[in-house]
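Notes follow the structure.
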Amino acid sequence: MSYAAAVDHLYALGHELAPTPSSTPRRKFDLAHMRVLAAALGDPQTTFPSVLIAGTNGKGSTAATLASILTAAGYRTGLYTSPHLIRVNERVQINGNQIPDEDFAQLYFQVDETARRLVEAGHLPHPPSFFEVFTALAFLYFAGKGPSETEPVDIAILEVGLGGRLDATNIVAPLLSVITDIALDHQDYLGDTIAEITREKAGILRRNGTLITLPQHPEANQAIGEAAADLDLRAISAASFIPHLPPRSSQHPTASTVLSTEAPRSGSSQSLPRNRYTVTLDGEPLEIDSPLSGHHQQRNIALAIAAASELRNRNSYNIDQNGPISNHISYNIPNSAIEEGIRATKWPGRLELMTFSEGPSLLLDVAHNPAGAWALRAAIAELPEAQPRTLIFSCLRDKNLNEMSQILFPLFDSSAGDPERSKDHILFAPIDNPRAAGLEELLAAAHALDIPAHAAPHLAAALAEARVITPPDGLIIATGSVYLVGEIRHLAVQG
């Protein structure tokens, strides 16, 4: 079967978070089902070590940075993330290279056929979900079961899809569990409070294991602390790797407060602050130069540094010395590899600035919830105030549209009487997703704030119109959803 057939078949499974008719009960996730599927496939997840990363925001950036560090250290490193921007292959990578189409097709139909047999035999109550199938495919690829891969990876960095406790990735035995920043999101599935959501995320922790995290919302801190105490694990704070924080004690890594801004990119009249600063690791300076812009990325970089430091410490995690993934000598990750890996990190669509030979530049950011919107707002504050801006925005219906609009839309209010904003615009366009907010909902959010906005019939029309109404020295900012950013980026790259 072809790659195209595999992708079509995968999408035919539907999205587990897509809205269902009121008469249809919402699907309940059960790790036992994922374990049955994995066992029938030979338990590929037991053939390689892994790091499991959960959180609301930043888990993808943390995963991409850590995977880049391990690749720079010479290890064959798997990276599993979601969702994708343009092609499904983006979700499964080894050393920065996406899974080949041939491997994807072969492994997809292997998983699909195995699942079909399990359902027919009564071992599974229903076919696996989109994400469960994809996760099983990734595990097989990392185990060296694809036509182009014959050996397991040295380590896989796995981003949790949703929550943690019941996520399909959570059948692994991770060397480290990393929890990034937690905020309100997916309340229908994870709970209505920070504490409830955190407890779901903390489901990736293991008894006597190692946790890496950062101080954050008090409710999250308390829930993480309670889970850690119950499991008798080692908890590592990455706070000392954040440059604006003082060292907690002489025994912890120290960080300078020296930040710098990169020079404007070729053909660009503006640039975003580049994360360049120095921290100290094991008594040696570590020069950070990350292409991931925004102060919020300093937290994700810190988590990746802390994880790399723990992976090279043979006493930092508990593994079965007789098991298939035992690592007796730990990972050899010199400081130079950490520096190189951070510099080489690729994670598009996150405050990604694209410039062109003609016309305005384009800033892409996948901010898809209020916390992400605040991070984007902080980044916009770093840009020239007098620069004309056009916002292309859309989001999913299950996101907090009212709060996101209050955070972002006033930055583009051409009616506010500020002469520097008089040339600004807001454009809405629909997203091709069953969970997408309707244009009427988006327009109503702007109307409630008395901020001018209008709609385009689709994202291609929105980008074309934005390029017409935005001055050549202006900036188009596309945000609100991963799905929006993916399509806009694809359109921009195609020209």
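Residue indices begin at 1 and follow the sequence shown.
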Next item on the list: Check Leu214 against Ala239 and note the closest heavy-atom contact, atom names and distance.
Entry: CD2-N, 3.1 Å
Checklist line | Option passing side chain to side chain donor-acceptor pair (under 3.5 Å) with Asn57 (candidates Thr180, Asn369, Asp181, Asn300) | finding: Asn369
Next item on the list: For Gln297 and Ser61, test the side chains for any donor-to-acceptor distance below 3.5 angstrom and give the result as yes or no.
Entry: yes
Next item on the list: Answer yes or no: is there a side-chain heavy-atom contact under 4.5 Å between Ile53 and Lys59?
Entry: yes
Check: If every non-hydrogen atom of Cys395 is compared with every non-hydrogen atom of Ser481, which pair is closest and at what distance?
Finding: CA-CB, 4.3 Å
Notebook entry, point to check: Below 4.5 Å, heavy atoms only, C-beta onward: do Tyr483 and Leu459 meet side chain to side chain?
Noted result: no
Next item on the list: Specify the closest pair of heavy atoms between Ile392 and Ala466, including all atoms of both residues, with the distance to one decimal.
Entry: CD1-CB, 3.9 Å
Checklist line | pair Ile469-Leu427: side-chain heavy atoms closer than 4.5 Å | finding: yes
Margin query: Please tell me whether Glu487 and His490 have a donor and an acceptor in their side chains that are separated by less than 3.5 angstrom.
Written below: no
Notebook entry, point to check: Under the 3.5 angstrom rule, does the side chain of Ser394 hit a backbone N or O of Ala429 as a donor-acceptor pair?
Noted result: yes
Notebook entry, point to check: Any idea how Phe393 and Phe409 line up, ring-wise: parallel (<30°), tilted (30 to 60°), or perpendicular (>60°)?
Noted result: perpendicular
Item checked: Side-chain H-bond candidate by donor/acceptor type, Glu465 with His454, under 3.5 Å -> yes
Next item on the list: Check the angle between the aromatic planes of Tyr80 and Phe134 and answer parallel, tilted or perpendicular using the 30° and 60° thresholds.
Entry: tilted
Check: Is any side-chain heavy atom of Thr345 closer than 4.5 Å to a side-chain heavy atom of Ile301?
Finding: no
Margin query: Can you confirm if the NZ or CZ of Arg87 lies within 45° of the ring axis of Phe104 and under 6.0 Å from the centre of its six-membered ring?
Written below: no
Note to self: On a heavy-atom basis, which atom in Val7 and which in Val88 lie closest, and how many Å separate them?
What the structure shows: CG2-CG2, 4.0 Å
Notebook entry, point to check: Judged by atom type as modelled, is there a donor-acceptor pair below 3.5 Å linking the side chain of Asn170 to the main-chain atoms of Gly203?
Noted result: yes
Item checked: Within-4.5 Å side-chain heavy-atom neighbours: Leu411 and Arg377 -> yes
Checklist line | Pairwise side-chain contact, Leu70 with Val51, heavy-atom cut-off 4.5 Å (strictly under) | finding: no
Notebook entry, point to check: Are side-chain heavy atoms of Arg274 and Asp289 found at a separation under 4.5 Å?
Noted result: yes
Checklist line | Flag for Arg397-Asn433: side-chain donor and acceptor within less than 3.5 Å | finding: no
Notebook entry, point to check: With a 4.5 Å limit on heavy-atom distance, are the side chains of Phe131 and Leu162 in contact?
Noted result: no
Checklist line | Smallest separation among heavy atoms of Ser414 and Asp424, with atom names | finding: CB-O, 3.5 Å
Note to self: So which atom in Val482 and which in Pro83 form the shortest heavy-atom distance, rounded to 0.1 Å?
What the structure shows: CG1-CG, 3.6 Å
